[in-house]
Amino acid sequence: MNSKKWDKIATGVFIVIAGIIVSLLVALFSYIIVNGFKQLSFDFITNPSSAVMAGGGIRDQLFNSLYILVITMIITVPLGIGGGIYMAEYAKPGKVTDFIRTCIEVLASLPSIVIGMFGLLMFVNLTGWGYTIIGGALALTVFNLPVMVRVSEDAIRSVPRDQKEASLALGITHWHTIKTVLLPTAFPSILTGAILASGRVFGEAAALLFTAGLSTPRLDYANLNPFSETSPLNIFRPAETLAVHIWSVNTQGLIPDVSEIANGSSAVLVLAVLVFNLLARFIGSIIHKKLTASK
């Protein structure tokens, strides 16, 4: 068999694999959306949940998920990019760098339930905060930080070396070269890593189960005082997220419409992740054009 036939066979195999992946994705999304679409309504999204009565909504759980996502990414992205810059530009080859890289790999491979138990010990019991939004955000930061560091490092290393050398040859400092040349060029890849990390945050349940809790106090959305117990902006209150709510309803739910609430919540979760990813890529493309002065 000659090389052309092998090339056609390999091409066909890769097309089949791509088709299987797309088919599985479409089937999964279709199943979730079709089963949950009947439950989706304005009242379902804007009403609070109910523990015993039918017809509850997911207002607080949806807000909690978005709020924890924002806080987590505010902490994770700067630390992750900073770690990536250090590993790509400042860390010298040696035992210390190898040890740091090993630690990053170990953290990236830890199950989320382990991160949740660590968060329970550190951010719930040791600090005395109890179940809080900030505790959940810090636990998810530990969960996503290794991914962000690796993605940032790979993105910076993938920038053509000629661009860096040309900048340094003009007498520009190393840090200014990183800030004005390397980071803008690596921005699309870093954005992709941030989107992947945010998707993990939005759909995470195990780690938040032990840190953010299974309940949400009665919230007053007109109260914007972040130190008030009824304010949705209070980071020291417990917060049941949408993913945790789906798990809780399916395993401990006493309401008569358990399946409808779970299906509707799953559909909202999938659609929220999809919309967030599309918006992040759209905003990221605008920022990248401004940073690189490209059209």
Side-chain angles (χ1 to χ4, degrees), residues 49 58 60-84 86 100 102-152 193-219 223-249 251-252 269 272-273 276:
S49 61
I58 56 169
D60 298 337
Q61 288 77 14
L62 182 59
F63 175 82
N64 291 338
S65 297
L66 294 172
Y67 194 35
I68 290 178
L69 170 63
V70 171
I71 295 176
T72 302
M73 298 313 293
I74 287 175
I75 302 172
T76 302
V77 171
L79 291 177
I81 294 177
Y86 172 78
I100 295 174
T102 301
C103 292
I104 293 173
E105 296 294 335
V106 170
L107 279 176
S109 62
L110 287 178
S112 59
I113 188 69
V114 176
I115 300 297
M117 297 302 294
F118 171 78
L120 176 65
L121 174 64
M122 292 295 297
F123 309 127
V124 176
N125 296 334
L126 192 63
T127 60
W129 293 340
Y131 296 117
T132 59
I133 289 177
I134 187 63
L138 290 173
L140 291 177
T141 298
V142 176
F143 185 60
N144 282 307
L145 190 57
V147 176
M148 200 67 215
V149 171
R150 289 193 304 178
V151 169
S152 300
I195 292 174
L196 291 174
S198 64
R200 298 177 73 188
V201 170
F202 208 90
E204 182 56 40
L208 293 174
L209 186 65
F210 294 100
T211 52
L214 269 169
S215 63
T216 298
R218 188 176 298 276
L219 300 177
N223 183 5
L224 301 181
N225 180 10
F227 302 102
S228 174
E229 293 182 356
T230 60
S231 173
L233 301 181
N234 186 357
I235 61 175
F236 291 100
R237 64 172 177 84
E240 181 186 42
T241 62
L242 199 54
V244 174
H245 183 63
I246 295 171
W247 174 85
S248 176
V249 166
T251 57
Q252 307 176 25
L269 180 63
V273 172
F276 178 82

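Atoms considered below: every heavy atom in the structure, side chains included; atoms not considered: hydrogens, waters and symmetry mates.
- One distance of note links CG of Leu69 with CD1 of Ile74; it measures 9.5 Å at 0.5 Å rounding.
- Looking only at side-chain heavy atoms (C-beta outward), Arg237 and Asn64 come within less than 4.5 Å of each other.
- Note: Glu240 CD to Gln61 CD = 4.5 Å, rounded to the nearest 0.5 Å.
- Taking 4.5 Å as the limit, some side-chain heavy atom of Glu204 sits within range of a side-chain heavy atom of Ser112.
- Atoms CG and CG, from Leu62 and Leu269 in turn, are 9.0 Å apart once rounded to the nearest 0.5 Å.
- Residues meeting the ring pair (Phe, Tyr, Trp, His ring centres under 6.0 Å) test with Tyr86, sequence neighbours left out: none.
- Contact detail for Pro238 and Pro217: the closest heavy-atom pair is O-CD, 3.4 Å.
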Exercise answer: donor-acceptor pairs, residues 114-122 side-chain atoms, under 3.5 Å, sequence neighbours excluded:
none

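- Between Gly80 and Met148, the shortest heavy-atom distance links the atoms CA-CG, 3.7 Å.
- Between Ile58 and Leu242 there is a side-chain heavy-atom pair separated by less than 4.5 Å.
- For Thr230 and Asn223, the side-chain atoms include at least one donor-acceptor pair closer than 3.5 Å.
- Each of Ile71, Thr72, Val70, Leu66 was compared with Ile68 under the side chain to side chain contact (heavy atoms under 4.5 Å, CB included) criterion, and only Thr72 meets it.
- Taking 4.5 Å as the limit, every side-chain heavy atom of Trp247 sits out of range of all side-chain heavy atoms of Leu208.
- Residues Phe210 and Val124 share a closest heavy-atom pair of O-CG2, 3.6 Å.
- Side-chain contact check for Thr76 versus Phe143: every heavy-atom pair is 4.5 Å or farther apart.
- Across Leu209 and Val244, no two heavy atoms sit closer than the pair CD1-CG1, 4.0 Å.
- Within a 6.0 Å radius of CD in Glu105, other residues, nucleotides and ligands contribute more than 12 heavy atoms.
- Counting heavy atoms from C-beta outward, Ile134 and Phe123 have side chains that stay 4.5 Å or more apart.
- Between Thr211 and Ala139 the shortest heavy-atom distance is CG2-CB, 3.9 Å.
- Ala272 meets the side chain to side chain contact (heavy atoms under 4.5 Å, CB included) test with Phe202; sequence neighbours excluded.
- The two residues Arg150 and Ala108 make their nearest non-hydrogen contact at NH2-CB, 3.8 Å.
- Once rounded to the nearest 0.5 Å, the distance linking CD1 of Ile133 with OG1 of Thr241 reads 10.5 Å.
- Atom CG of Leu138 sits about 8.5 Å away from atom CD1 of Ile235, to the nearest 0.5 Å.
- Between atom CD1 of residue Ile104 and atom OG of residue Ser109 there is a gap of 12.0 Å, rounded to the nearest 0.5 Å.
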